[in-house]
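Computation of the quantities below employed the complete heavy-atom set of this structure, encompassing side-chain atoms and omitting hydrogens, waters and symmetry-equivalent molecules.
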Amino acid sequence: MRFFLFFVFVFCLSCQKETPPKNVSRGIYYWKSTFKLSEVERQTLDSCKIKKLYFKAFDVDWDFTKARAIPKATIRFEEDIPQGLEIIPTVFITNNVLKQTTDQQLDTTISFINKHLQTVLKNKNFEEIQFDCDWTISTRERYFYLLRAFKKLFPEKHLSATIRLHQIKFAHKTGIPPVERGMLMFYNMSNWKKPQIRNSIYDLDAASQYLATLDKYPLPLDLVMPIFRWAIIYRNNIFLTVINNIDNQALIQKTFLEKNDNKFTVLADTSAFGISLRKGDRIRVEEVSAEEIIKGSKTLHEKISSQKLTFALYHLDQPNITFYGNEKLAEIYASFE
């Protein structure tokens, strides 16, 4: 009898289907207003076998003086996009636009965004458009109306939208955007304006609070991980400014700074990094090691149910690439495959 039960158990195990490997495309974001690649950036695209380039077409922000939405930081192409790269133009819309736009203005705003997008994308071949907006419960209906309108304007194109972690956890409140795919932004996990936060860019402990229902999210998901870093400066425990591309190594050598973990205290009034610093100002460095990114990547590999998806990094910029190196970047990409 025992032998029979053991045989049945082994037989049942052998009949279970293994989960097929994910079909993963490698992507990267380009978040600058002038498109001109350095040789280092080109080498990364080639070395890491990146197939998709998400570039910011322009920002849409609210002009309180004119009481309407306006374009900002429109991309300017100083050279052609390398052959073999699939491009996904991305439009960033501030939540202020959705807050301030009246229902009567919404169609006009959509028309203006469409015309500007058509101008930027003239003679460009693309299959997908992505919208990036940290919408809220109060702006959900207007944002979703805008997305449905663009699906009608570009019926032959795929439409995707960025998804923040809080929009995963509270999907029953924030809603599911009416698009074909979501791009899960696995960074900016805490409020970076709060001085007590350890690392607002990336914190796996903080992220774990949002992931319980990730595998049940009803929209197919792609994934983007951070390869940027910055230093956040506080004065009297109040947020002052952010300086990009600053890491611990750059600050530890400064004699006017006292280090404590990933935070520094200014010891004397001085000028540095293009700003004036006062004694007592505090600087928090936020950077993410390749090992931490890989750890998060492996966790999400199990939790994201999509079998076909894009794994992307944010963003393509020479200081970011130099900080990690192509070998480490390739390891990060491979960790999700």
Side-chain angles (χ1 to χ4, degrees), residues 23-33 35 45 50-61 69 71-77 80-95 97-98 101 106-135 139-164 167 175-185 217-224 304 306-316:
N23 182 351
V24 181
S25 297
R26 297 183 178 189
I28 199 163
Y29 279 75
Y30 187 91
W31 218 246
K32 294 182 281 189
S33 297
F35 187 82
L45 292 172
I50 296 168
K51 301 300 181 185
K52 292 186 175 182
L53 183 72
Y54 296 79
F55 69 85
K56 184 181 69 171
F58 53 93
D59 298 336
V60 183
D61 202 357
K72 288 185 175 180
T74 301
I75 195 167
R76 182 169 55 89
F77 291 93
D80 293 333
I81 293 172
Q83 289 188 349
L85 270 182
E86 178 184 344
I87 61 170
I88 299 93
T90 302
V91 178
F92 173 71
I93 303 175
T94 67
N95 199 41
V97 169
L98 301 172
T101 301
L106 195 51
D107 286 330
T108 302
T109 299
I110 290 168
S111 177
F112 136 71
I113 295 174
N114 178 43
K115 288 179 181 178
H116 199 63
L117 190 59
Q118 298 275 13
T119 300
V120 173
L121 300 180
K122 187 177 181 181
N123 301 323
K124 297 283 187 302
N125 295 317
F126 61 96
E127 298 298 325
E128 178 183 339
I129 301 172
Q130 186 169 101
F131 285 89
D132 180 14
C133 179
D134 190 7
W135 83 91
T139 59
R140 178 184 67 183
E141 293 306 319
R142 287 176 183 170
Y143 183 49
F144 290 4
Y145 179 90
L146 180 148
L147 292 174
R148 285 190 290 269
F150 270 92
K151 187 57 187 174
K152 292 177 182 177
L153 290 167
F154 293 88
E156 75 287 359
K157 305 296 183 185
H158 300 296
L159 207 64
S160 64
T162 55
I163 311 288
R164 273 83 175 164
Q167 292 157 349
I176 310 299
V179 293
E180 293 165 74
R181 301 192 67 85
M183 175 63 82
L184 175 59
M185 297 171 59
Y217 195 73
L219 200 62
L221 289 174
D222 299 308
L223 173 65
V224 54
I304 292 179
S306 306
Q307 284 301 118
K308 184 176 182 181
L309 73 161
T310 299
F311 178 82
L313 298 177
Y314 180 91
H315 66 115
L316 183 63

Can you confirm whether Leu45 sits close enough to Leu316 that some side-chain heavy atom of one is under 4.5 Å from a side-chain heavy atom of the other? yes
Out of Phe77, Tyr314, Phe35, which one pairs with Tyr30 under the ring pair (Phe, Tyr, Trp, His ring centres under 6.0 Å) rule? Phe35
Show me the pairs that pass salt bridge (charged side-chain N to carboxylate O under 4.0 Å, His left out) and involve residues 114-133, at least two apart or across chains. Asp132-Arg164
Residue pair Ser160 / Val179: nearest heavy atoms and the distance that separates them: CA-CB, 4.1 Å
Between His158 and Lys151, the two heavy atoms sitting closest are CA-NZ, 4.3 Å
How about Phe144: does its CZ atom have over 12 heavy atoms from other parts shown lying under 6.0 Å from it? yes
Does the Lys157 side chain pair with the main chain of Phe126, one donor and one acceptor, at a distance under 3.5 Å? yes
Answer whether the closest heavy-atom distance between the side chains of Pro178 and Arg148 falls below 4.5 Å. yes
Please give me the minimum heavy-atom distance between Thr74 and Pro71, naming the atom from each residue. OG1-CB, 4.3 Å
Look at atom CD of Glu156 and say whether more than 12 heavy atoms of other residues, nucleotides or ligands are closer to it than 6.0 Å. yes
Does some side-chain heavy atom of Ile110 sit less than 4.5 Å from a side-chain heavy atom of Ile113? no
Determine, stepwise, if the pair Leu184 / Asp222 fulfils side-chain contact (heavy atoms from CB on, under 4.5 Å). CA-CA 6 Å; Leu184 175 59; Asp222 299 308; over 6 Å; no
Do the rings of His116 and Phe58 sit parallel, tilted or perpendicular, given the 30° and 60° boundaries? perpendicular
Can you tell if the side chain of Ile129 reaches within under 4.5 Å of the side chain of Leu117, non-hydrogen atoms only? yes
Would you say the rings of Phe131 and Phe150 are close, in the sense that their centroids are separated by under 6.0 Å? yes
How about CG on Asn125, more than 12 heavy atoms from neighbouring residues, nucleotides or ligands closer than 6.0 Å, or not? no
May I ask you to test the Phe112-Val60 pair for a side-chain heavy-atom distance under 4.5 Å? yes
A side-chain contact here means heavy atoms from C-beta on lying under 4.5 Å apart; do Cys133 and Leu98 qualify? yes
Would you find a donor on one side and an acceptor on the other, under 3.5 Å apart, between the side chain of Thr139 and the backbone of Trp135? no
What pair of heavy atoms forms the shortest contact from Leu221 to Ser306, and how long is it? N-OG, 2.9 Å
With no hydrogens and no angle check, do the side chains of Asp134 and Tyr143 hold a donor and an acceptor under 3.5 Å apart? no
Leu147 versus Leu159, closest heavy-atom pair with distance: O-CD2, 3.3 Å
Spacing of CG belonging to Leu153 relative to CG belonging to Leu146, to within rounding of 0.5 Å: 9.0 Å
With a 4.5 Å limit on heavy-atom distance, are the side chains of Ile176 and Tyr217 in contact? yes
So, Thr94 side chain and Asp61 main chain: donor-acceptor pair closer than 3.5 Å or not? no
To the nearest 0.5 Å, what is the distance between CD on Gln167 and CZ on Arg140? 11.5 Å
Distance only, no hydrogens: is a donor on one side chain within 3.5 Å (strictly under) of an acceptor on the other, for Lys52 and Ser25? no
Between Leu309 and Ile304, the two heavy atoms sitting closest are CD1-CG2, 4.2 Å
Tyr29 and Tyr54 aromatic ring geometry - parallel, tilted or perpendicular at 30°/60° bounds: parallel
Ile75 side chain reached by Lys56 side chain, heavy atoms, under 4.5 Å: no
